[in-house]
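Reviewing the structure listed below.
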There are 2 protein chains.
Amino acid sequence: MARTSAPENSRARATGRRRSGRPGHDADSVLRVAARVFNERGYDGTSMEDLARALGVTKSAIYHHVSGKSELLRQSLEVAMDALFAVTREEGATDGRAIDRLEHVMRGSVRVLVEELPHVTLLLRVRGNTEVEKRALERRRRFDHLIADLVREGVVDGDIRSDVDPAVASRLLFGMVNSIVEWYKPDRGLACEEIADALTRIAFEGLRSTRG
Amino acid sequence: MARTSAPENSRARATGRRRSGRPGHDADSVLRVAARVFNERGYDGTSMEDLARALGVTKSAIYHHVSGKSELLRQSLEVAMDALFAVTREEGATDGRAIDRLEHVMRGSVRVLVEELPHVTLLLRVRGNTEVEKRALERRRRFDHLIADLVREGVVDGDIRSDVDPAVASRLLFGMVNSIVEWYKPDRGLACEEIADALTRIAFEGLRSTRG
DNA sequence: TTGCAAACTGAACGAACGGTCGGTTAGTAA
DNA sequence: TTACTAACCGACCGTTCGTTCAGTTTGCAA
């Protein structure tokens, strides 16, 4: 009797060298699949049985790689936040005028969002229900604060319009950025740069045609 | 022994006339509370026991008002979608230039979003896991399609810049609108119009200062 | 061929889940 | 007082949940 759908198998050839021991999943491939399934059915809506099916193994096999369901969430959220904070430490995010640093962080966030789509998507849906989620939300709040500061600086510099509340503006701005996870499909479709271009055009110059 | 927290009680005085029978919750007040708790803990993360606690009754009492958990979700999503589609039938959304109709729908969506915050928030988090959710997503797709058409028309009219893909633009636009549910707090804070103003300014004129 | 390391199985656990049911309580109106 | 209506309770059901555990399978290297 065949399986209903091919399981996702991979101890990544990324390293090149094969490891000893029985082949199959390792902690990394389990995390990748888990993040994807969590996004499809929601974290609470995903049972360990669902995960096992997607991995092509039994429930109990998962516990060989990870201590439990919430640990999978923890690792996924960590990957996402690490990548986002890495952007804020890049040269373009620390040097130059505030409005340019803001654009750099926006473009970098789009890049991270596309590269780590499942993890970031998961992060953006966290509600703060458990301790793991609360810690991630705390970190996200620090990131948001950083953005709001950039907008405020831009207003002081005279580069950003002063007739909108910087706090509201920064939230709307990253609301736009984050909304990408709702519709972006990695395979068919737009490159990361095209989206970032459209985003920054709308964000800084606006949608209205400027001819005439 | 006292309850740990005051239950939310209300057979709304909205109607004025008291009904006969034992006072307490009715179907409407159960739905309101349910939508709020669903948002706090997520739909899948909310047990009927959680709902009962928030209502100040036992689990079984809920089934006197509604047939089950998924029915509560169904009703909530219906309220949200009905309100959003009502906006698209208003005069300002059917007459005039496309860009003005677009602005009307955006402002109307903000208004609906603020007025029906819990229901709309729930709608925006639906993943399409169950039949009820799939039906809601279908309706939402029709709404999104309507917006994309408005943007396309605006480009043809020459009112909206043509160097961004209308499909991407409309998604980013309503990504910005929808993100409001992530941070808007009804009590303390901004009026609906202030947010709509900031939103339309950024969306149409952009964030960059235009002086000089 | 043997030894080892890593991945995996199948059965089972207590807890929590959504939902059911027969009976009870608290108001309104005659 | 009585009849009626609507809200509610408590015990219980079958199922699914996350997790555990003792043992088995598989490929690689010595």
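Note that these values count all heavy atoms, side chains included, but never hydrogens, waters or copies made by symmetry. Every chain is numbered from 1, with letters handed out A, B, ... down the list of sequences.
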Distance-only donor-acceptor test, B:Ser60 side-chain atoms vs D:dG10 base atoms, 3.5 Å: yes
Spacing between B:His64 atom NE2 and C:dT20 atom C1', to the nearest angstrom: 15 Å
Rounded distance [0.5 Å steps], CZ in B:Arg36 versus OG in B:Ser76: 12.5 Å
CG-CD distance between A:Leu31 and A:Glu78, expressed to the nearest 0.5 angstrom: 10.0 Å
Atom pair distance, as rounded to whole Å: NE2 in A:His65 and P in D:dT19: 16 Å
Sugar-phosphate only, base, or nothing, as touched by A:Thr46 at under 4.0 Å among non-hydrogen atoms: sugar-phosphate
Main-chain N/O of B:Cys192 paired with B:Arg111 side-chain donor or acceptor, under 3.5 Å: no
Closest to the B:Pro23 side chain, choosing from C:dG27, C:dG18, C:dG10: C:dG27
Any B:Ser47 side-chain nitrogen or oxygen under 4.0 Å from OP1 or OP2 of C:dC17: yes
Atom-pair distance (CD on A:Glu49; P on D:dG18), nearest Å: 9 Å
Rounded interatomic separation in angstrom, taking CG from B:Leu51 and P from C:dA16: 17 Å
A:Leu55 CG - C:dA7 P separation (whole Å): 13 Å
Check: A:Thr94/A:Arg89 side-chain N/O donor and acceptor closer than 3.5 Å: no
Length of the line joining A:Tyr63:OH and D:dT20:P, which is rounded to integer Å: 7 Å
Whole angstrom value for the distance that separates C1' of D:dC17 from NZ of A:Lys59: 7 Å
Atom-pair distance (CZ on B:Arg22; P on C:dG27), nearest Å: 8 Å
